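Everything numeric in this text was worked out from a predicted model, so none of it was measured. Below, chains carry the letters A, B, ... as their sequence lines are ordered, and counting in each starts from 1.
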Amino acid sequence: MSLSREKDYGTPLRTSQILVTLSIDGVQTRVPAGTSVMAAAAKMGTQIPKLCATDTLEAFGSCRLCLVEIEGRRGTPASCTTPVEDGMIVRTQTKRIADLRRGVMELYISDHPLDCLTCSANGDCELQDMAGAVGLRDVRYGQDGERHRTVAVDDSNPYFTFDSSKCIVCSRCVRACEDVQGTFALTIDGRGMGSLVTTGGPDFLNSECVSCGACVQACPTATLNEKSVIEMGAPTRSIDTTCAYCGVGCGFRAEMQGDKVVRMVPSKAGKANEGHSCVKGRFAWGYATHKDRITKPMIRANITDPWREVTWDEAFTHAASEFRRIQGAYGIDSIGAITSSRCTNEETFLVQKLVRAGFGNNNVDTCARVCHSPTGYGLKTTFGTSAGTQDFKSVAMSDVILVIGANPTDAHPVFASRMKKRLRQGAKLIVIDPRRIDLVRTAHIEADHYLALKPGTNVAIINALAHVVVTEGLVSEAFVRERCDLSDFESWARFVARHENAPEAVEKVSGVAAHEIRAAARLFATGGNAAIYYGLGVTEHSQGSTMVMGMANLAMATGNLGRDGVGVNPLRGQNNVQGACDMGSFPHEFSGYRHVSDDATREMFEGLWSVTLSPEPGLRIPNMLDEAVEGRFKGLYIQGEDIAQSDPDTQHVTRGLRNMECVIVQDLFLNETAKYAHVFFPGSSFLEKDGTFTNAERRISRVRKAMAPQAGLADWETTLAFAKALGCVFAYDHPSQIMDEIAALTPTFTGVSYAKLDELGSIQWPCNENAPYGTPIMHVERFVRGKGKFMITEFVPTDERTTQRFPLILTTGRILSQYNVGVQTQRTANNIWHDEDVLEIHAFDAENRGIRDGDLVAIQSRSGEVALHARISERMQPGVVYTTFHHAKSGANVITTDYSDWATNCPEYKVTAVQVQRTNRWSDWQEEDRASGDLLRIIERKADAAE
Amino acid sequence: MSAHKLVRMANQIAIFFRTQPEEAAAAAVADHIKSFWSPVMRREIYAHLGAGGEGLEPLARAGLEVLKACDAGAYDGVTK
Ligand code: SF4
Ligand code: SF4
Ligand code: SF4
Ligand code: FES
């Protein structure tokens with residue numbers, strides 16, 4: 001595979017239906033209206049020299065290198081800022097233009113240090129290229145680049161440097177930070193030759209910069225450059241793949257030297273990200289080759305024994321014989337598996353197949369249990385399908401954006417950038433969140449309504465919004481009449497119109513002023529295209545599923561479904577959590593969300609797999625752990641999840657794990673769960689395998705192998721070999737064959753294949769004979785279930801109440817630089833931004849308890865106690881405290897409880913009653929965990945034990 | 001699983017379905033439990049029901065009665 005670079009058209013391509021005909025250098029061409037002359041020429045294959053233009057940014061017209069001649073026009077206009085016109089006759093190469101361009105280049109070069117041969121951007125520098133393109137041979141004004149030499153290189157950011165001596169002040173970085181990322185961290189100070197790019201802080205690290213890298217990518221010179229490139233030199237080959245961090249699913253080009261990654265460059269062709277990325281995907285890939293990676297299979301009889309490295313064969317034989325022994329002794333249902341939302345669709349499909357066909361039960365679940373299972377239930381009930389309704393692009397057509405229980409700038413940063421762009425263009429914003437997230441007020445954006453509700457009162461608020469819509473005559477009657485079940489609508493309308501759902505009544509429970517609720521509802525119903533975006537702040541509640549249905553009700557009642565700019569959109573956490581759900585990872589459903597009791601579906605699977613399958617739902621993760629505590633569930637195969645850290649009520653989880661006789665962990669690292677494991681299968685990173693991920697917009701994208709698996713096997717091969725040891729015959733030579741089987745068995749995937757993915761880049765399911773190219777927007781003419789179903793969503797306060805003993809509510813969330821349980825990001829330089837979880841607390845609550853910023857505080861709930869450092873924060877409202885759960889040592893889930901969503905058992909992470917007080921020691925759990933953790937992780941290494 | 005937990009879960013389900021317009025709220029509760037609970041969990045709650053069903057909301061109890069009959073093969077109103 002050679003190094004491929006995406007073509008740069010100089011200015012963004014336009015999509016107008018109106019075509020314009022013009023002639024460039026004597027050749028006729030037709031392009032959409034609004035296209036620049038530069039882009040029109042580039043489309044024909046004529047690259048007009050340029051420096052300040054690049055097609056991810058609107059043209060700026062400052063460098064004057066892209067001059068052209070246009071018949072009938074005076075002077076030499078800049079081709080980047082000149083739109084095409086019908087009949088235009090353009091010449092890109094004349095003697096006059098060539099002289100002018102050389103003159104411009106001469107000025108640039110005279111001010112630039114000419115250390116090209118030793119420069120880190122040598123071979124990848126547009127200034128160098130342009131000097132060549134314009135035929136620069138001589139520089140009359142000297143060429144020592146004196147001007148900027150005195151400024152020191154800023155290498156404060158862990159991933160890139162800023163060497164302003166090489167800056168040509170093209171402002172591409174400034175515009176990338178503004179237009180693409182939306183952070184506005186950079187400015188150009190000074191004027192003319194004295195101008196300089198500055199960060200507004202002492203350096204990049206101590207500025208507003210969020211390290212997205214957009215400026216680095218936009219910079220045409222070595223001024224902003226990746227440290228990895230400076231260290232390693234230029235990449236020599238590249239491979240297209242998909243980010244393995246969050247549910248945005250950004251497309252990337254892994255640029256390599258041999259089997260080493262030099263840098264990750266977001267692809268412009270990636271439809272989820274259109275050339276943008278965040279700090280995790282672009283920079284935080286070092287974990288893949290971290291020294292902590294376990295690359296040899298290991299086993300041990302007891303969790304207190306040291307690990308023993310063995311061959312793959314021994315590991316498979318041992319694991320299989322243990323599982324069969326356990327089933328012999330305790331019954332078929334005594335084992336199960338957890339599929340990974342970080343692994344590929346194909347790997348996930350294989351694990352659930354192993355459980356259903358090989359274990360002979362349906363005890364399979366996935367981490368979506370603890371995040372978006374209510375989304376699946378709620379959207380399936382109301383609309384008929386368990387997924388979000390829109391593509392990401394749709395947000396560019398929204399007029400009102402309602403963000404509930406999500407923090408996109410931290411957790412879904414690239415989508416947040418797209419959303420912020422629309423907000424800067426004037427779309428209105430409503431934020432509903434107990435914590436004042438960044439989006440409430442950020443550069444050039446301010447929420448029109450911020451509803452700071454009390455945790456646990458989402459349903460009350462959504463009902464109050466609906467109350468205003470119904471009682472003030474704001475229902476979209478035409479939509480409801482045509483698209484929804486009318487009798488359900490009428491019952492629902494009567495329900496929300498009840499007095500207890502009025503904003504004035506809800507004010508008392510939610511703490512949000514009635515007039516704010518009314519104003520937000522009116523804006524949502526009358527402001528044009530209104531879209532809902534939500535996250536785990538919606539789902540991780542005892543009424544998570546009810547709330548999802550409540551949002552679906554609101555969208556239906558206001559007619560905001562089935563077209564661009566609207567919809568109900570879950571922002572999914574992990575890279576492949578949508579895919580894991582689609583692939584049949586739930587104990588009650590086959591792929592494509594079909595219940596195991598459905599005879600026709602089951603018979604189809606039985607036919608292809610040649611086995612008899614159970615028609616009964618299996619155990620969900622919390623049920624497996626409960627059964628384990630009771631002593632009936634004894635064996636668990638966990639692919640790429642860390643339930644000992646990520647699942648609620650840690651001490652209950654670890655009690656369950658300790659009670660099992662064979663826990664198999666397949667992972668990159670010895671994670672927290674591996675402390676309780678008997679078999680360790682070393683996993684493979686996304687760089688080491690082929691497969692697909694499905695992002696939050698149902699987009700299936702290819703993951704491509706860039707290097708060999710460090711442990712010798714890709715994850716799908718490991719499951720395959722384990723299955724074989726268990727006596728199952730699964731015959732696949734490549735993940736594409738697994739996808740073919742998925743397509744054969746899943747109506748929403750029948751049109752999906754690797755060949756089509758290669759051809760189209762990515763596909764949004766459903767993709768079948770009705771939608772051969774996929775489905776960007778769902779429910780366009782009718783709902784998948786036929787008529788949209790309004791559900792009654794009575795507000796039922798959670799049983800988790802504050803008391804005198806536990807007077808505060810703890811809620812949890814994420815931060816930009818860390819990912820989930822942190823096993824990956826903590827093995828990168830991202831720790832510089834967040835090296836510990838802290839407890840955010842309002843000044844009032846802190847003062848009452850004599851807590852100062854930075855104090856160690858004990859946080860106690862009825863489940864347990866941990867200690868964290870306190871941060872006094874204006875983001876919090878009195879009575880509510882907040883922490884992230886990225887670091888194992890914090891044990892955030894030691895304090896969360898076993899309360900869960902009524903429909904899906906998704907844990908109620910977002911509401912835990914706690915007390916907080918100053919302390920001078922870590923909690924007992926933390927001390928014990930530290931002591932026992934090391935003990936449970938000892939490896940007795942044997943040289944060359946593994947094949 | 002502890003009966004206490006199962007009772008709590010069944011009650012949560014009943015609390016949701018008690019407000020739905022369907023006449024057969026008990027059937028909806030039964031249907032939900034049948035769809036999501038494993039046979040072991042169902043057997044355990046039936047045992048609890050048999051022992052008096054302490055703590056169960058009336059609708060949860062009604063739903064479980066329906067489902068219990070169904071699971072015993074005597075009722076086919078809940079097929080999912
Ligand atoms: S890395 Fe991103 S946020 Fe930081 S200055 Fe560059 S564009 Fe702006
Ligand atoms: S740092 Fe790079 S992108 Fe920014 S103005 Fe200088 S040369 Fe242009
Ligand atoms: S936004 Fe998500 S998918 Fe995109 S680069 Fe960042 S972590 Fe990766
Ligand atoms: S590229 Fe057109 S003015 Fe710079």
Contact leader toward chain B among A:W492, A:Y899, A:F586, where contacts are heavy-atom pairs under 4.5 Å: A:Y899

Looking only at heavy atoms, what is the nearest atom pair of B:S35 and A:P617, with distance? O-CG, 3.5 Å

Residue part contacting chain B, namely of A:M624, when any heavy atom lies under 4.5 Å: neither

Nearest 0.5 angstrom please: B:S38 OG to A:R620 CZ, how far? 8.5 Å

Which pair of heavy atoms, one from B:T19 and one from A:I792, lies closest together, and at what distance? O-CD1, 3.5 Å

Check whether any side-chain heavy atom of A:E627 sits under 4.5 Å from a side-chain heavy atom of B:E44, and report yes or no. yes

Please name the pair of heavy atoms, one in A:S542 and one in B:Q12, separated by the smallest distance, quoted to 0.1 Å. CB-NE2, 3.8 Å

Can you say whether A:Y377 sits under 4.5 Å from chain B via the side chain, the backbone, both, or neither, judging by heavy atoms? side chain

Give, as side chain, backbone, both or neither, the part of A:D799 having an atom under 4.5 angstrom from any heavy atom of chain B. side chain

Output the distance between atom CG (A:N623) and atom CH2 (B:W37), rounded to the nearest 0.5 Å. 8.5 Å

Would you call A:D626 and B:M41 a side-chain contact if the rule is heavy atoms closer than 4.5 Å? no

B:H32-A:W902 aromatic ring centre distance below 6.0 Å: yes

Taking the six-membered ring for Trp and the single ring otherwise, decide whether the centroids of B:F36 and A:H595 are under 6.0 Å apart. no

Most contact-rich option vs chain B, by heavy-atom pairs under 4.5 angstrom, among A:G618, A:A628, A:P587, is A:G618

Pairwise distance CD1(B:I15) to CD(A:Q543) - rounded to 0.5 angstrom: 9.0 Å

